[in-house]
Structures are given as structure tokens and as C-alpha cells.
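Notes to accompany the following structure.
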Amino acid sequence: MAKGGFVLAILALVAVHSLAGDPSPVQDFCVADLNSEIFVNGLPCKNPKLATPDDFFFSGLDKPGNTDNKVGFNVTLVNAARLPGLNTFGISIARLDYAPYGLNPPHTHPRGTEVLTVIEGTLLAGFISSSPNNKLFLKTLHPGDVFIFPVGLIHFQFNAGDSPAVAIAGLSSQNPGLIVIADALFDSNPPIPDDVLEKALQVDKEIIEALKSHHKV
């Protein structure tokens with residue numbers, strides 16, 4: 001390979017890595033020190049000599065989450081903060097529970113792609129591509145079905161049945177983040193000015209006030 005081609009290949013590899021998810025580990029493991037006051041991009045490591053099997057273990061995803069809330073949904077997220085051994089590995093896992101006709105509202109994970117596997121029930125799952133297309137990708141899922149939600153895109157799941165549903169999600173970040181669209185718009189701190197919401201949503205102030213009031217119920 002010519003020198004110029006080699007340099008371009010190296011730059012391409014660097015560019016691809018820079019667009020990847022969480023940083024890759026450079027050692028066997030980096031168990032998170034949850035008591036450290038040091039602030040880093042991720043979580044600081046404790047001395048590997050002090051690591052124990054429990055640092056790599058979590059129990060409880062067999063237990064249903066409490067779905068007695070206004071949307072009929074609960075998520076049990078296992079990230080590096082709950083399973084310290086996940087630190088630097090760029091993954092997390094979650095159990096999702098849905099009451100009958102429960103909804104995981106439209107939301108995004110700014111730092112992680114999600115792969116969803118249905119365990120029980122029937123889910124209507126979808127995501128929306130970015131502007132200008134805003135295309136809805138919608139699919140009815142049954143036990144054993146798998147669906148992907150690309151990183152950063154708005155997505156949701158709705159239990160389309162009259163019995164509880166359960167799914168397991170894997171995410172490509174140890175801390176994928178969560179932005180629930182309705183919460184961000186109507187329950188920010190401090191609040192988004194009504195004039196902004198009126199213009200953005202193209203509705204009257206009375207509707208904005210009603211949406212805010214209903215959202216807090």
C-alpha cells in the first residue's frame with residue numbers, strides 16, 4: 001500500500017472509532033468505584049486487586065417491575081452504576097414491564113442503540129427517523145421477536161394486549177441516558193417558555209397550559 005493510502009486508512013480507522021459508543025477497555029476490567037469523588041468520562045476504577053465476583057453480578061431481573069403508574073410501564077435498568085463490573089465495557093441491560101395497554105412513552109437514548117427482545121405478550125414498537133423524512137418504522141412484536149432502536153432516535157413500545165408484557169433490552173452504552181419527550185417539553189427545570197412551546201407545537205396557549213396541567217397529574 002502506498003504511503004498516502006496507508007495514512008488515509010489510519011485516519012479512517014480513527015474516524016470510525018471516534019464515532020463509536022463508549023470508550024473501549026484497555027485492561028481486563030475496570031470495576032467502578034462508586035464511592036470515588038473523582039469525576040471522569042464514565043466511572044473511576046477501583047484497584048483490580050480488590051475486585052470480587054459480586055462486582056460482576058446482579059440479581060433481580062426475574063422480578064416484575066411496578067407498573068402501577070399513569071403510563072403502565074416500568075424499567076429496571078442495570079448499568080454500570082448498579083453493576084460496577086460493566087464499567088468501560090459499553091453495554092447495559094434492562095427489564096421492561098408493561099401493564100395491559102401500558103406504554104413506554106416516546107423517548108430517546110442519546111448514547112446508546114437498543115436491541116429489544118420480547119419475552120411475554122404483544123408489543124407495538126416503533127422508531128422515527130431524523131428530519132427531513134421523519135419516517136415511522138412500526139412493527140408488532142411477539143415473544144421471541146427482536147427489534148432495533150438506533151442510537152438517538154425517538155422510539156416507543158405499547159402493550160397491545162389485555163395481559164402484562166415483558167421485554168429485555170440490551171443497550172450499547174454503560175450509561176445510555178434517557179430523554180422522555182413529554183417530560184422534556186412540559187416538565188423541564190426551569191420551564192420552557194409558553195411562547196416557545198406555542199410556536200414549536202403550533203397550538204394556542206390554552207392547549208399548552210392544559211398539556212402541562214395534564215402531564216403533572
Side-chain angles (χ1 to χ4, degrees), residues 10-69 71 73-97 104-117 119 127 148-157 166-192 216:
I10 294 297
L11 289 175
L13 288 173
V14 171
V16 169
H17 181 74
S18 68
L19 294 174
D22 297 348
S24 299
V26 293
Q27 52 208 19
D28 286 348
F29 51 80
C30 170
V31 174
D33 182 355
L34 302 180
N35 297 316
S36 175
E37 296 183 356
I38 299 174
F39 186 83
V40 297
N41 183 26
L43 294 167
C45 311
K46 72 179 184 180
N47 188 328
K49 294 180 180 180
L50 302 178
T52 71
D54 284 342
D55 290 324
F56 304 91
F57 173 79
F58 177 89
S59 179
L61 284 189
D62 60 319
K63 298 177 176 59
N66 182 8
T67 58
D68 185 16
N69 52 60
V71 293
F73 171 76
N74 184 279
V75 58
T76 304
L77 175 64
V78 183
N79 56 13
R82 301 192 70 185
L83 180 52
L86 281 178
N87 194 35
T88 75
F89 290 147
I91 56 171
S92 54
I93 190 171
R95 172 180 172 135
L96 290 73
D97 287 280
N104 185 4
H107 63 282
T108 73
H109 301 297
R111 295 180 294 275
T113 293
E114 177 179 348
V115 54
L116 182 84
T117 304
I119 306 300
F127 68 87
I148 298 291
F149 304 111
V151 58
L153 297 187
I154 296 174
H155 59 283
F156 61 87
Q157 305 102 40
V166 180
I168 295 292
L171 298 115
S172 62
S173 172
Q174 70 178 48
N175 184 23
L178 174 66
I179 301 173
V180 179
I181 306 305
D183 291 350
L185 288 177
F186 302 118
D187 200 22
S188 66
N189 184 23
I192 298 174
K216 293 180 179 179

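Please read these numbers as outputs of a predicted model, since none were measured by experiment.
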message: Distance check, rounded to the nearest 0.5 Å: I91 atom CD1 versus Q174 atom CD?
response: 9.5 Å

query: If you take all heavy atoms of L43 and A81, which pair is closest and at what distance?
result: CD1-N, 4.3 Å

task: State, to 0.1 Å, how close P110 and V151 come at their nearest heavy-atom pair, and which atoms those are.
output: O-CG2, 3.9 Å

message: If you define the side chain from C-beta out and look only at heavy atoms, does anything of I168 sit under 4.5 Å from R95?
response: yes

message: Between H109 and G177 (side chain of the first, backbone of the second, donor and acceptor by atom type, cut-off under 3.5 Å), is there such a pair?
response: yes

statement: Note: N74 and G65 closest approach over all heavy atoms is OD1-CA, 3.5 Å

query: Any donor-acceptor pair under 3.5 Å linking the side chain of T108 with the backbone of I154?
result: no

Point-to-point distance, once rounded to the nearest 0.5 Å, from CG of L96 to OG1 of T67: 12.0 Å

- prompt: Which distance, rounded to the nearest 0.5 Å, do you find between the CG of L83 and the CZ of F89?
  reply: 10.0 Å

task: Considering non-hydrogen atoms only, spot the tightest contact between K49 and N47 and give its length.
output: N-OD1, 2.9 Å

message: I'd like to know whether K46 forms a side chain to side chain contact (heavy atoms under 4.5 Å, CB included) with D55, so could you lay out the CA-CA distance, the side-chain angles of the two residues, the decisive distance to 0.1 Å, and finally the verdict.
response: CA-CA 11 Å; K46 72 179 184 180; D55 290 324; 2.9 Å; yes

query: Taking C-beta and beyond as the side chain, do R82 and L77 meet within less than 4.5 Å on heavy atoms?
result: no

query: Taking C-beta and beyond as the side chain, do V75 and N104 meet within less than 4.5 Å on heavy atoms?
result: no

query: Do K63 and T76 come within less than 4.5 Å of each other through their side chains, counting heavy atoms only?
result: no

Where V180 and P105 come nearest, the two heavy atoms and their spacing: CG1-CB, 4.3 Å

- prompt: Any side-chain heavy-atom pair from Q157 and F149 closer than 4.5 angstrom?
  reply: yes

task: Evaluate the side-chain proximity of P64 to V166: yes if any heavy-atom separation is below 4.5 Å, no if none is.
output: no

query: Are side-chain heavy atoms of N87 and D33 found at a separation under 4.5 Å?
result: no

statement: Sequence neighbours excluded, the answer for ring-ring contact (aromatic ring centres under 6.0 Å, His included) partners of F56 is F29

task: Identify the heavy atoms of R111 and S173 that sit nearest to each other, and give their distance.
output: O-CB, 3.2 Å

message: Can you tell me if D62 has over 12 outside heavy atoms packed within less than 6.0 Å of its CG?
response: yes

field: Flag if over 12 foreign heavy atoms under 6.0 Å of CD1, I38
entry: no

